[in-house]
Amino acid sequence: MLATLVIVAAVAAQFALATRLLDLDILDQSQLPQLLTVGAVIGAPAAILLCAVAWHLHFLTRERRRNAIVEMLVEALAVPANPEDAGRAVLVTLTESGVATAGVVAVLSTDAADESTRREGASDALAPVATVGGRRGWSPDAAPGSELPTAAATRRESVTDDPWLLGLESTIGRRPWVARIPVEHGDEVLGVLLLAGRRRGWLRDRALLHTAGTLLAAAFDHGRQYQVAFEHTRDLEAENARRREFLYAIAHELRSPLTSIQAFAELLTTDRGLLDGNSDLLLASLSRGVDRLATFVNDLLDLGRAEASGLNVTTSVIDVTEALRGAETILRPAFMSREQALTIDIPDSPLRAVADSRALEQVMLNLLSNANRFTPTQGAVGMRALLIEQRVRIEVLDSGPGIDQADRERIFEPFYRVHRAGAHEVPGSGLGLAVARRLTELQGGKLWVEAGDAGGSRFCIELPAAEEPATAR
C-alpha cells in the first residue's frame, strides 16, 4: 500500500513538472516522451528505495514499541504475585499501552484435576481472576462461550457469542476484534488471556500476544513456586518451634524424677540417721521417681523406634477382642482406684483384623490410660469394637472435658498439651498418643479423635478387616 502511494505520487509529480515546462516554453511536445522515459527510469528506483526506507523505519518503530511493551510487562510481573494480581497487572499494562481496550484473564479451575480436561481446556473449567474495562455490575461468574485456544488467534466477534465479551460491551462495542491467547507452562494449560478492542491494531501482532501469554504463564508458575517456598519456610519455622518445645518438655519431664532421686541420695550421704522411722516413706518416694523416669525413657524410646519404623510390628490375622480384653484387664485397677465406670461393648464372636496383637494391645493401653487420666473421678469410660464394611473399628469414649477442634490433630504430637486450666496437673509423659498413632499406622490403620455424643472425646481406630475364608461347597 505504501509503495503504491509513493509510485503514484512520483508519477504525478513528473507529469506536473512536464506540464510546467511546456507552459514556460522550455520544453516542446516532441521532447515530452523522452522526458517521461528518463523520469520513469530515474524515478521508479527512487520510489522503490523510498518505499524500502519507509517500510524499514516503520518496522523499526513497531519493533521498538513492541520491545517497550514487553519491558513494561516484565517490570509489572517482576514481583511474585497470586494469579489475580498477575492477571490484572498484564491487563492494565496492555490496555494502558494501547494494545487492547479491555480484557479478561481466566485460569483453569483446580477442581479440573483430570489431565485430559486440563489439556483440552474445557470452557466450564475456566474461572476469571481479573478483568479490565468491564462495565459496572459485570459478573465474574459468567461462563466463557468458547474453549481454550491452542495458539494466539485474533478475529472479529459478536459480543452476544460470549458472556465475557457481553460484559465488556460498553468499552469494545458490539463487533470488536478479539484475541484469545493460551496461557501455558510447558505442556500444562493454565488458562487464557482474552483481549478485545474496537480496532485490530496490535491485536494482530502474534509475536506480542504470544510473549504476553508466555510471560503471564511464567508469572503464574513463579507465584506458585514462591507460595510453595513460603509455606515450606513457614512449616520449617513451626517445626523449629515444636522442636524447642520438645526439648523443653524432655528437660522438664526428666527434672522432676531426677530431683527426687538426687534429694534422696543427698539425704543418705549427709545423715543416714534420717532413715530411722522414715525408710518406708523415703524408699517409696525413690521408687516412684525411678518408675516415672523409667516409664518416660521407655516411652521416648518407643516413640523414636516408631518414628524410625524400628518397632518390630508383624501383621497377621488376629482376633481383636483378645487384645482389647488384655488391655482392659491390665488397667482395670486404675479405673477402680478412681471409681470410674468402665463399660465394654465387644462382640462375643471373634472380630478378625490384619494387625499385630502386641502392638494393638500397646495402643489400647495408651488410649485407655489417657481416658483414665482425663476422666474425672467417678466418671465413665467406654470401649467398643465393631465391623464397618471392610474395616474393624475400635472406639474409646471418655467423659472428660473434651478437645477443641483446633487441638484434635496436635494432641498426637509428642509432648503437646491442650492449653486449658488444670491440664498441666494431669500426670503423663505426653508421648502416649504419639506412640499410639505411629503404632496404628505401622499396622496399616489410622487413629483420630472426635467429639463424643454426650461430651468428652471419642478416640477411633480403624484397621483392615481380615477376609473371611471361602466356605467349601
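Bear in mind that the values here come from a model prediction, so they are computed numbers and not experimental data.
Side chains of Arg458 and Val449 form no contact here, defined as non-hydrogen atoms less than 4.5 Å apart. Side-chain contact between Thr95 and Val99 is absent, with no heavy atoms from C-beta onward closer than 4.5 Å. In this structure, the side chains of Glu322 and Pro350 stay at 4.5 Å or more apart for every pair of heavy atoms. Side-chain contact between Ile411 and Arg408: absent, with no pair of heavy atoms (C-beta onward) separated by less than 4.5 Å. With a 4.5 Å cut-off on side-chain heavy atoms, Val90 and Leu215 do not count as touching. Within the 4.5 Å cutoff, no side-chain heavy atoms of Phe335 are placed close to those of Glu328. In this structure, Thr211 and Ile69 have side chains that are not in contact, with every pair of non-hydrogen atoms separated by 4.5 Å or more. Counting heavy atoms from C-beta outward, Thr101 and Leu168 have side chains that stay 4.5 Å or more apart.
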- Run the side-chain hydrogen bond (donor to acceptor under 3.5 Å, both in side chains) check on Glu71 and Asn67 step by step: do they pass? CA-CA 6 Å; Glu71 289 179 1; Asn67 292 338; over 6 Å; no
- With salt bridge (Lys or Arg N to Asp or Glu O under 4.0 Å) as the test, would you mind laying out the steps for Glu361 and Arg358 before giving the verdict? CA-CA 5 Å; Glu361 183 174 307; Arg358 292 175 57 190; over 6 Å; no
- Task: Carefully, step by step, assess Val79 and Tyr226 under the rule side-chain contact (heavy atoms from CB on, under 4.5 Å).
- Result: CA-CA 10 Å; Val79 179; Tyr226 178 82; over 6 Å; no
- Message: Please determine whether side-chain contact (heavy atoms from CB on, under 4.5 Å) holds for the pair Leu360 and Leu463, giving the CA-CA distance in whole Å, both sets of side-chain angles, and the decisive distance to 0.1 Å.
- Response: CA-CA 10 Å; Leu360 179 57; Leu463 296 168; 4.0 Å; yes
- Task: Step by step, work out the side-chain contact (heavy atoms from CB on, under 4.5 Å) result for Gln340 and Asn372.
- Result: CA-CA 8 Å; Gln340 294 171 341; Asn372 170 252; 2.8 Å; yes
- With side-chain contact (heavy atoms from CB on, under 4.5 Å) as the test, would you mind laying out the steps for Leu439 and Gln362 before giving the verdict? CA-CA 8 Å; Leu439 284 175; Gln362 181 63 49; 3.7 Å; yes
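Salt-bridge check for Arg66 with Glu63: passed, with a basic side-chain N closer than 4.0 Å to an acidic carboxylate O. Taking a cutoff of 4.0 Å between a charged side-chain nitrogen and a carboxylate oxygen, Arg437 and Glu409 qualify as a salt bridge. We find that Glu188 and Arg224 are joined by a salt bridge, their nearest charged nitrogen and carboxylate oxygen being less than 4.0 Å apart. Electrostatic pairing of Arg438 and Glu441 counts as a salt bridge here, judged by a charged N lying under 4.0 Å from a carboxylate O.
Counting non-hydrogen atoms of other residues, nucleotides and ligands closer than 6.0 Å to CZ of Arg206 gives a total of 12 or fewer. Heavy atoms from other residues, nucleotides or ligands lying under 6.0 Å from CD of Glu75 number 12 at most. Atom CZ of Arg88 has 12 or fewer heavy atoms from other residues, nucleotides or ligands within 6.0 Å. Within 6.0 Å of atom CD in Glu231, more than 12 heavy atoms from other residues, nucleotides or ligands are found, so the atom counts as buried in its surroundings.
The heavy-atom pair separating Trp177 from Arg198 by the smallest distance is CD1-O, 3.7 Å. Considering all non-hydrogen atoms of both residues, Thr171 and Ala102 come closest at OG1-CB, 3.7 Å. Of all heavy-atom pairs between Cys460 and Glu395, the closest is SG-CG, 4.1 Å. The minimum heavy-atom distance between Arg352 and Val392, with the atom names listed, is O-CG2, 3.5 Å. Pairing each heavy atom of Thr321 with each of Ile346, the nearest pair is CG2-CG2, 3.1 Å. When all heavy atoms of Leu203 and Ala179 are compared, the closest pair comes out as CD2-CB, 4.1 Å.
Donor-acceptor pairing under 3.5 Å is recorded for the side chains of Gln225 and Asp221.
Phe412 CZ to Trp448 CH2: the interatomic distance, rounded to the nearest 0.5 Å, is 10.0 Å. Here CG of Leu193 is found 12.5 Å from NE2 of His210. Values are rounded to the nearest 0.5 Å. Rounded to the nearest 0.5 Å, atoms CG (Leu324) and CE (Met383) are 5.0 Å apart. With values rounded to the nearest 0.5 angstrom, Gln443 atom CD is found 10.0 Å from Ser316 atom OG. With rounding to the nearest 0.5 angstrom, the CD atom of Glu462 is 5.0 Å from the NZ atom of Lys446. Within the model, atoms CG of Leu433 and OG of Ser369 stand 9.5 Å from one another, a figure rounded to the nearest 0.5 Å.
Screening Asp345, Val396, Ile394 against Arg384 for a side chain to side chain contact (heavy atoms under 4.5 Å, CB included) leaves a single residue, Asp345. Checking each of Val105, Thr154, Leu94 against Leu195 for a side chain to side chain contact (heavy atoms under 4.5 Å, CB included) leaves exactly one that passes, namely Leu94.
In terms of modelled atom types and a separation under 3.5 Å, the side chain of Arg338 and the main chain of Thr375 share a donor-acceptor contact. Listed for the Asp404 side chain is no donor-acceptor partner under 3.5 Å among the backbone atoms of Ala406. Checked by atom type and distance alone, the side chain of Asp398 pairs as donor or acceptor with a backbone atom of Ser457 at under 3.5 Å. In this structure, Asp356 contributes its side chain and Ala359 its backbone to a donor-acceptor pair below 3.5 Å. Looking only at distances, no side-chain donor or acceptor of Thr315 sits under 3.5 Å from a matching main-chain atom of Val354.
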